[in-house]
Amino acid sequence: MATITEEQVIEQLKQVFDPEMPVDVWNFGLVYAIEVTDEDDVNIRMTLTSEACPSAKAIPDDVVK
C-alpha cells in the first residue's frame, strides 16, 4: 500500500515555479494527472507553458526532486 498521498505530491508541486511566471505549476494548471502506485512511484502528466519554454529542462527536473 502506498505511503505517499496525492495531497503530499500536490503540496510539493506547489513548490515548483516557472521562473517566468510568478505562480507554481500546480496552481497554474500545468499538471493534468497524478498517479501514486502501491510501490510509492509517482507518475505526473503535465505540460509546460510553451514548446519553446526556456525552462523546459529545469521545470521537469524540479518536479522530479
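Here Glu6 contributes atom CD and Glu35 contributes atom CD; the two are 10.0 Å apart, rounded to the nearest 0.5 Å. Atom CD of Glu11 and atom OG1 of Thr5 lie 9.0 Å apart (nearest 0.5 Å). Between Ile34 atom CD1 and Ile44 atom CD1 the span is 6.0 Å, to the nearest 0.5 Å.
Using a 4.5 Å heavy-atom cutoff, the side chains of Asp41 and Val36 are not in contact. With a 4.5 Å cut-off on side-chain heavy atoms, Thr37 and Asn43 count as touching. Side-chain atoms of Thr47 and Tyr32, non-hydrogen and from C-beta on, do get closer than 4.5 Å to each other. A heavy-atom distance below 4.5 Å is not found between the side chains of Trp26 and Val9.
In terms of modelled atom types and a separation under 3.5 Å, the side chain of Gln15 and the main chain of Gln12 share no donor-acceptor contact. Of the possible donor and acceptor atoms, none in the side chain of Asp24 sits under 3.5 Å from a partner among the backbone N and O of Val16.
Screening Asn27, Leu30, Asp62, Val63 for a side chain to side chain contact (heavy atoms under 4.5 Å, CB included) with Leu13, the sole residue that qualifies is Val63.
Summarising the geometry of Phe28 relative to Val23, their closest heavy-atom pair is CD1-CG1, 3.3 Å, with the distance given to 0.1 Å.
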